[in-house]
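Just so you know, ligand 1 is whichever comes first in the structure, and atom 1 is the first atom listed for that ligand.
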Amino acid sequence: MIREPLIFELSGTGKKAFKLPQLDVPKQEGLLESLPVRQDVEGFPEVSEIEVARHFTRLSQANYCIDIGMYPLGSCTMKYNPKVNEKIAALPGLAGVHPAAAVELIQGNLAIIHDLEDSLKDITGLDAVSLQPSAGAQGELVGMMLIRACLEERGDPRKVVLIPDSAHGTNPSSAHICGYQVQEIKSNEAGTVDLEDLDRVMNEDVAALMVTNPNTLGVFERDICRITELVHSRGGLVYMDGANMNALMGVCRPGDMGVDVIHLNLHKTFSTPHGGGGPGSGPVAVKALLEPYLPVPVITKHESGYGFDFDRPKTIGRVRAFYGNFLVAAKALAYILTLGPEGIKEVAEIAVLNSTYIRKRLEGEYHLQYETPTMHECVFSDKLQKPHGVQNIDIAKRLIDYDVHPPTMSFPLIVPGALMIEPTETESKEDLDRFIEAMLSISREARENPELLKEAPHGSYVRRLDETTAARNPIL
Ligand SMILES: *Cc1c(COP(=O)(O)O)cnc(C)c1O
């Protein structure tokens, strides 16, 4: 492996990208000064054009991306997103539209938002949708604000939100930021919500239950209908974290399970790639009882065309500038329309099949804390490798040597040494087998040569980074 130097190290005085012939016309003063040429960097690298091209091309090849291989990151749904959806989002009428353009000029854009809202209503089985939130976590906050607004109007705002111990960290944060006290509920041996425990803690102080389904262990909450009934019967509402909708869509609908409000992650399930910091989109879908509180503006459709409705007395207000991340919505609608209802269902079925295939082939070699059948993801632990001194991080780092992206680690928190694997539906059997073979080979290495794992990765540009210092004290 060649270590790629810094561009500063490639620098040599007087090296230039290009040279032009002698001027044969009068020189124009002041032209270059108006260009954004930085004068203030000491030792600004001086390199030739080919050095620049090669340097950045080599660096780009050191990058991992979905076009190179799979990302088995549990809870992240890092699937391959069809390129056609990017092409559609790049159409000038979509990518070039100004957010302040007059309503008459953006009827087609509003139709996209409106149609996507309709599709998401179908998929979730709920009554109304807002595409405003920019991410899953913001969708959670908006959803909790809707619940608060509704309960306040009933004159019974309540104080507590119940959240299972397997929840994504954003759940308690969102409830807390919305002014609620968070109370954790313990999972049972199946890894699901314990109905008896819920029955014990569900009282008139509880505003809502926030439940993820399938939960972060990949386990479907079989008792979801009884759970929502119980919460409703004592005056609470049910929030479902729908980031894992990839496992359910087209097969069953949260609205039919009694869920009152859900957020979706368009940048997980609906064809926007993510991991690079955005933009994302975390729409909320709600039952009719929460509709009056949705953020403004709401997109309306009349005979005269599409429009914005700001005149909504009970709204929680604006939650972001303009109308949501529009191009993410455009991609999502393109994705939904190119799949159709049957295709959407097939996505969920294959996502579950792929994950189950991995679970069945790796069980025994890697420890499963819960025997319960799983949906789109499965969570192993390092318990069988621990006796050899090998931890989940060693396994994850060693995967890099097999040209495989590591899975999510150490989450959910209820599984010590967790390795959380979500292959998604877009991986072929051959790619799943490659991943499985790598995992099996690593489990052999853990028995026979644990030292090898503890120093992995061996073949990458960088080995083990001090991630804490890199995050707290970045030297840029
Ligand atoms: C990703 C995820 C979220 C948060 O979504 P962001 O868009 O990252 O804010 C919430 N819950 C679950 C289960 C998730 O997987």
Cut-off 3.5 Å, side chains only: do Asp309 and Thr300 have a donor facing an acceptor?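 There is no such pair (donor and acceptor under 3.5 Å, judged by atom type) between the side chains of Asp309 and Thr300.
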Which atom of Asn215 lies closest to which atom of His376, heavy atoms considered: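 Asn215 and His376 have their closest heavy atoms at O-CE1, 4.5 Å.
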Let me know which of Val352, Ile224, Leu248, Thr192 forms a side-chain contact (heavy atoms from CB on, under 4.5 Å) with Pro214.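 That would be Leu248; it is the only one of Val352, Ile224, Leu248, Thr192 passing the side-chain contact (heavy atoms from CB on, under 4.5 Å) with Pro214.
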For Tyr239 and His263, take the angle between the two ring planes, folded into 0 to 90°, and tell me which bin it lands in: parallel under 30, tilted 30 to 60, perpendicular over 60.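 If you compare the ring of Tyr239 with that of His263, the planes turn out tilted.
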If I take atom NZ from residue Lys121 and atom CG from residue Leu126, how far apart are they, to the nearest 0.5 angstrom?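 Interatomic distance, Lys121 NZ to Leu126 CG, rounded to 0.5 Å: 10.5 Å.
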Using a 4.0 Å cut-off on heavy atoms, what residues surround ligand 1? Order them by chain and number.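 Heavy-atom contacts below 4.0 Å: Ser75, Ala135, Gly136, Ala137, Glu140, His168, Thr170, Asp241, Ala243, Asn265, His267, Lys268.
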Just distance, no hydrogens or angles: give the donor-acceptor pairs under 3.5 Å from side chains in residues 69-78, sequence neighbours left out.
residue: Tyr71; atom: OH; partner: Tyr64; partner atom: O; Å: 3.2
residue: Thr77; atom: OG1; partner: Glu422; partner atom: OE1; Å: 3.4
residue: Thr77; atom: OG1; partner: Glu422; partner atom: OE2; Å: 2.7

